[in-house]
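First listed ligand is number 1; within each ligand, the first listed atom is number 1. A quick note: this is a predicted structure, and the numbers were derived from the prediction, not measured. When reading the values below, keep in mind they use all heavy atoms of this one structure, side chains included, and skip hydrogens, waters and symmetry mates.
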Amino acid sequence: NNKEVLLQVSGLKVAYGGIKAVKGVDFEVRQGELVSLIGANGAGKTTTLKAVTGLQPIAEGDVLFKGRSIKGQGAWNLAKQGLVMIPEGRGTFTRMTITENLQMGAYIRKDTEAIAQDMEMVFGLFPRLRERKDQLAGTMSGGEQQMLAMGRALMARPEVLLLDEPSMGLSPIMVDKIFEVVHDIHSKGVTILLVEQNASRALALANRGYVMESGAVTMTGRGSDLLADPKVRAAYLGE
Ligand code: ATP
């Protein structure tokens with residue numbers, strides 16, 4: 001694989017006080033890939049994503065984005081360079097409308113015409129958001145808020161999108177819709193790092209995957225190979 005490595009995580013350790021949540025993790029994400037990080041509750045997936053975007057301090061090791069350490073850069077600066085995270089729990093601006101939330105996603109940009117085009121693109125991906133464009137985000141359903149969070153992140157024109165458990169707490173139909181859109185976004189050329197407890201769906205979409213257990217990566221491989229692996233099936237697919 002000769003594509004550029006956009007994210008290089010090496011020897012990453014993260015702790016909360018005395019609790020070692022991430023204990024020396026290595027992985028990489030190359031340009032154009034969709035990489036899934038799976039694992040049980042508390043395995044350290046969210047903590048890893050937070051460290052990658054500078055939201056959680058790195059105790060040891062490093063994260064390089066396009067060859068440069070993310071240390072000391074801050075989430076805002078990284079977003080400007082194309083590294084955008086959609087947090088677990090979504091974090092939309094509840095007292096703003098859908099349209100205003102989407103506009104906020106483009107706050108780092110000045111290309112007014114392209115912003116308007118991207119708004120149309122987001123409404124194309126999520127017709128529901130267009131129908132509700134003047135509704136306050138706080139009054140939307142969980143699935144609609146996940147759509148909005150994804151739409152808002154796309155308004156920043158990310159090069160790498162980090163998604164933390166986008167399917168969490170959603171109805172089966174909404175889960176289908178969200179994974180469909182993750183696939184669409186990837187098809188448009190956005191590089192994706194996806195953290196999911198829904199291992200079967202996440203691995204089915206992934207070029208490659210990593211399995212995390214108690215703060216460490218224990219398996220890696222092509223998404224399809226991991227999906228077929230008996231150990232993965234027993235531990236994460238309830239077989
Ligand atoms: P889940 O799928 O349940 O979100 P996860 O794999 O994302 O799990 P993390 O949220 O990264 O796991 O948590 C890893 C470990 O760190 C857990 O033991 C958790 O209790 C602990 N942890 C997470 N956040 C904090 C915090 N703010 N303070 C103390 N411990 C924390």
Side-chain angles (χ1 to χ4, degrees), residues 7-29 33-63 65 70-71 74-75 78 83-92 142-143 145-147 149-150 153 160-172 174-176 178-179 182 191-206 208-221 223 226-227 229 231-239:
L7 272 182
Q8 179 84 57
V9 176
S10 42
L12 178 70
K13 295 188 185 176
V14 183
Y16 299 103
I19 300 167
K20 293 182 172 133
V22 176
K23 305 170 187 167
V25 157
D26 300 294
F27 68 90
E28 64 184 29
V29 181
E33 279 192 309
L34 193 163
V35 172
S36 291
L37 205 56
I38 65 160
N41 277 109
K45 307 180 298 296
T46 297
T47 303
T48 300
L49 277 197
K50 284 183 178 163
V52 166
T53 44
L55 294 171
Q56 191 65 46
I58 294 172
E60 266 185 65
D62 209 347
V63 175
F65 175 51
I70 63 108
K71 284 181 184 172
L78 292 168
L83 184 66
V84 175
M85 170 155 163
I86 305 178
E88 199 176 4
R90 288 111 210 196
T92 57
Q145 293 204 31
Q146 180 61 47
M147 294 179 189
M150 290 170 75
V160 179
L161 194 57
L162 310 178
L163 274 157
D164 195 2
E165 308 233 7
S167 79
M168 191 176 61
L170 303 185
S171 68
M174 202 56 91
V175 170
D176 287 346
I178 293 299
F179 279 109
V182 171
T191 302
I192 297 180
L193 177 59
L194 173 65
V195 160
E196 261 296 337
Q197 288 214 35
N198 190 331
S200 61
R201 302 296 295 263
L203 292 176
L205 279 186
R208 292 186 306 108
Y210 294 88
V211 179
M212 275 189 84
E213 271 171 56
S214 6
V217 169
T218 52
M219 289 180 82
T220 179
L226 288 175
L227 197 53
D229 188 287
K231 276 180 296 196
V232 172
R233 299 194 75 82
Y236 302 105
L237 303 174
E239 286 180 12

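Per-residue contacts place A43 under 4.0 angstrom from the following atoms of ligand 1 (heavy atoms of the residue considered): 5 (P), 6 (O), 12 (O). The A40 neighbourhood of ligand 1 comprises atoms 6 (O), with distances under 4.0 Å to a heavy atom of that residue. Each of the atoms 9 (P), 11 (O), 13 (O), 14 (C) of ligand 1 lies under 4.0 Å from some heavy atom of T47.
The nearest protein heavy atom to atom 13 (O) of ligand 1 is closer than 4.0 Å. Distances from atom 19 (C) of ligand 1 to the protein include no heavy-atom value under 4.0 Å.
Remark: S10 engages no residue in a side-chain hydrogen bond (donor to acceptor under 3.5 Å, both in side chains) (not counting sequence neighbours). With sequence neighbours excluded, no residue forms a ring pair (Phe, Tyr, Trp, His ring centres under 6.0 Å) with Y236.
Taken from CD1 in I178 to CG in L170, the straight-line distance is 6.0 Å, to the nearest 0.5 Å.
In this structure, K45 and Y210 have side chains that are not in contact, with every pair of non-hydrogen atoms separated by 4.5 Å or more. Side chains of M168 and Q197 form no contact here, defined as non-hydrogen atoms less than 4.5 Å apart.
Of all protein heavy atoms, the one closest to atom 8 (O) of ligand 1 is G42 N, 2.8 Å. Atom 31 (C) of ligand 1 has its closest protein heavy atom at Y16 CD1, 3.2 Å. Closest to atom 10 (O) of ligand 1, if we only count protein heavy atoms, is T46 CB, 3.6 Å.
Using modelled atom types, one finds no donor on one side chain facing an acceptor on the other under 3.5 Å when comparing E196 with S36.
Look at D176 and R201 and you find a salt bridge, because one of the NZ, NE, NH1 or NH2 atoms lies within 4.0 Å of a carboxylate O, short of that distance.
Not a single N or O atom of A21, backbone or side chain, sits closer than 3.5 Å to an N or O atom of ligand 1. Between I19 and ligand 1, no N or O atom pair is found at a separation short of 3.5 Å. Some N or O of N41 is nearer than 3.5 Å to an N or O of ligand 1, by distance alone.
In this comparison of Q197, K45, K20, E165, the heavy atom closest to atom 5 (P) of ligand 1 sits on K45.
Heavy atoms of G44 approach ligand 1 to within less than 4.0 angstrom. Under a 4.0 angstrom heavy-atom cut-off, G17 registers as lying outside contact with ligand 1.
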| request: Take L162 and L7 through the side chain to side chain contact (heavy atoms under 4.5 Å, CB included) test and state the conclusion after the steps. | output: CA-CA 11 Å; L162 310 178; L7 272 182; 4.1 Å; yes
